[in-house]
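Contents: one structure, followed by commentary.
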Amino acid sequence: MEFQPIPCHESLRPFIRNYWLLTAQCTATGTQQIFSNGAASLQFYLSEPVHLTPALEEGKEYRTVLFHQNMQKVGVTCEAGNFIVLGAEFVPFCSRVFFRTEPDTIYVSPEDMRDEGLAELARCIYATESTEERVQLLDEFFLQRLAEFPEGDINIERLGDVFDEVVPTDGSVARPPHCQDEFSPADLASTACLSQKQFTRVFNKYVGMNPKSYLRLLRFHRALQMLRPTPPPLNPPERGEEDATANASLSTAEVTVPPARGARGVGRVALQCGYCDLPHMISDFRDICGYSPSELVSTGAELTEAFGQQFSGLMKKKIKIENLI
């Protein structure tokens with residue numbers, strides 16, 4: 001199994017974290033389980049159509065999917081053979097720059113969105129076997145959509161301030177200011193210069209979850225990074241290499257935190273990350289990813305870090321893959 005991060009055009013980097021290509025051989029019917037990293041993603045299944053769970057339409061197969069990021073896990077089932085996926089990962093609040101959809105469903109196809117431009121992009125991507133041509137098609141599509149997006153969207157600017165100053169857009173797990181144990185929705189609303197009610201409405205619309213849920217997700221990922229060993233760094237590609245290295249430096253201190261071991265170590269992590277106790281953290285882990293902390297650490301060899309630190313800081317999408325090599 002091989003995962004290849006691919007940087008997007010430099011003009012798109014404030015809005016798109018990166019593209020990526022996942023290639024594997026499925027030895028039997030395979031299941032890919034994805035849990036939230038707080039960002040929407042567009043995925044093209046290049047080998048064969050897949051089935052998704054929870055199923056929004058019985059028996060429906062998908063080849064192109066926009067995943068609206070929320071707290072619900074998604075299962076992807078593929079048949080034996082090649083398993084190849086091309087993806088684009090967005091900065092958490094920026095998918096609306098390119099797609100006018102409301103994040104009230106877990107995922108959506110181009111047909112469901114009635115987006116002819118996206119459907120045509122998918123047809124072109126499936127018609128070529130060249131990764132370079134596919135990346136060029138993605139760049140051209142998103143640059144065109146970006147040019148059509150109205151300038152001066154005040155809510156994009158407000159959320160940009162929030163994610164830059166409080167919750168970094170590189171995906172790293174930020175530390176709260178003023179020695180607090182964790183951020184509060186009021187902190188985020190204050191940064192955006194909005195009331196909490198107004199900010200919650202805007203945050204829901206652009207990010208796809210409420211601020212409290214997003215902060216809960218941050219806390220989960222901060223605990224996860226402390227529990228698991230540091231993954232080996234990926235070799236950044238030539239294109240955008242300097243920017244990728246700069247991104248990596250944002251979270252160097254966090255990367256070097258040693259993994260926690262044993263029940264006492266897990267309990268310390270729970271308290272350090274703002275959980276009131278260990279049972280609370282265990283419950284949170286099960287809700288978000290389906291595993292307890294100890295189960296997740298013990299299956300670490302089966303988890304792929306879908307986005308290396310050079311591209312997305314520490315808050316990565318986690319994918320558990322069965323029967324894939």
### Query
So, do Tyr19 and Leu12 sit near enough that their side-chain heavy atoms are less than 4.5 Å apart?
yes

#### Entry: Backbone N/O of Asp187 and side chain of Thr191: donor-acceptor pair under 3.5 Å
yes

### Message
Quick check against the 3.5 Å criterion: does Tyr107 have a side-chain atom that pairs as donor or acceptor with the backbone of Leu56?
### Response
yes

### Task
Start with the C-alpha distance between Tyr275 and Val269, add both sets of side-chain angles, then the distance that settles side chain to side chain contact (heavy atoms under 4.5 Å, CB included), and finish with yes or no.
CA-CA 9 Å; Tyr275 293 100; Val269 168; over 6 Å; no

### Query
If every non-hydrogen atom of Pro92 is compared with every non-hydrogen atom of Gly38, which pair is closest and at what distance?
CB-O, 3.3 Å

### Query
Are the side chain of Thr200 and the backbone of Gln196 linked by a donor-acceptor contact shorter than 3.5 Å?
yes

### Task
Could you check whether the rings of Phe220 and Phe35 sit parallel, tilted or perpendicular, using 30° and 60° as the cut-offs?
perpendicular

#### Entry: Rounded distance (nearest 0.5 Å) linking atom SG of Cys94 with atom CD of Glu89
12.0 Å

### Query
For Glu140, which residues count as a side chain to side chain contact (heavy atoms under 4.5 Å, CB included) partner, sequence neighbours excluded?
Gln136, Leu137

### Message
Please enumerate all residues that pass side chain to side chain contact (heavy atoms under 4.5 Å, CB included) together with Arg158, with sequence neighbours excluded.
### Response
Ile154, Asn155, Ala192, Leu194

### Query
Which residues pass the side chain to side chain contact (heavy atoms under 4.5 Å, CB included) test with Thr53, sequence neighbours left out?
none

### Query
Is the Phe15 to Phe142 ring centre distance short of 6.0 Å?
no

### Message
Check this for me: Glu129, atom CD, are more than 12 non-hydrogen atoms of other residues, nucleotides or ligands nearer than 6.0 Å?
### Response
no

#### Entry: Exercise: identify the closest heavy-atom pair between Phe83 and Cys78
CD1-SG, 3.4 Å

### Query
Got Ile125 and Leu138 here, is their nearest side-chain heavy-atom distance under 4.5 Å?
yes

### Query
Are side-chain heavy atoms of Leu227 and Phe285 found at a separation under 4.5 Å?
yes

### Query
What residues form a salt bridge (charged side-chain N to carboxylate O under 4.0 Å, His left out) with Glu120, not counting sequence neighbours?
Arg123

### Query
Going from OH on Tyr126 to OG on Ser47, what distance comes out if it is rounded to the nearest 0.5 angstrom?
9.5 Å

### Task
Output, in order, the C-alpha distance, side-chain angles, deciding distance and verdict of side chain to side chain contact (heavy atoms under 4.5 Å, CB included) for Val65 and Val50.
CA-CA 10 Å; Val65 187; Val50 298; 5.6 Å; no

### Query
How long is the span from the CZ atom in Phe99 to the NE2 atom in His68, to the nearest 0.5 Å?
9.0 Å

#### Entry: Partners meeting salt bridge (charged side-chain N to carboxylate O under 4.0 Å, His left out) with Asp277 (sequence neighbours left out)
none

### Query
Is the side chain of Asn204 donor-acceptor paired with the backbone N or O of Asn210 at a distance under 3.5 Å, no angle test?
yes

### Task
Enter the distance from Ile106:CD1 to Leu52:CG here, rounded to the nearest 0.5 Å.
9.5 Å

### Task
Could you list the residues that satisfy salt bridge (charged side-chain N to carboxylate O under 4.0 Å, His left out) with Asp115, not counting sequence neighbours?
Arg145

### Task
Could you grab the distance from atom CG of Leu218 to atom OG of Ser213, nearest 0.5 Å is fine?
11.5 Å

### Query
Is the gap between the ring centers of Phe163 and Tyr214 under 6.0 Å?
yes

### Query
Is there a donor-acceptor contact under 3.5 Å from the side chain of Arg63 to the main chain of Leu46?
yes

### Task
For Lys60, look at atom NZ and say whether over 12 heavy atoms of other residues, nucleotides or ligands are found less than 6.0 Å away.
yes

### Summary
In terms of heavy-atom contacts, Arg219 and Gly274 come closest through NH1-O, 3.6 Å

### Message
Regarding Ser130 and Thr128, do their side chains bring together a donor and an acceptor under 3.5 Å, going by distance alone?
### Response
no

### Query
Do Gln4 and Thr23 come close enough that some side-chain heavy atom pair is under 4.5 Å?
no

### Task
Locate the shortest heavy-atom distance separating Tyr45 from Gln43; write the atom from each residue and the value.
OH-OE1, 3.0 Å

### Rounded distance [0.5 Å steps], CD in Glu61 versus OG in Ser109
12.5 Å

### Task
For the pair Arg96 and Asp153, find out whether any cationic side-chain nitrogen is under 4.0 Å from an anionic carboxylate oxygen.
no

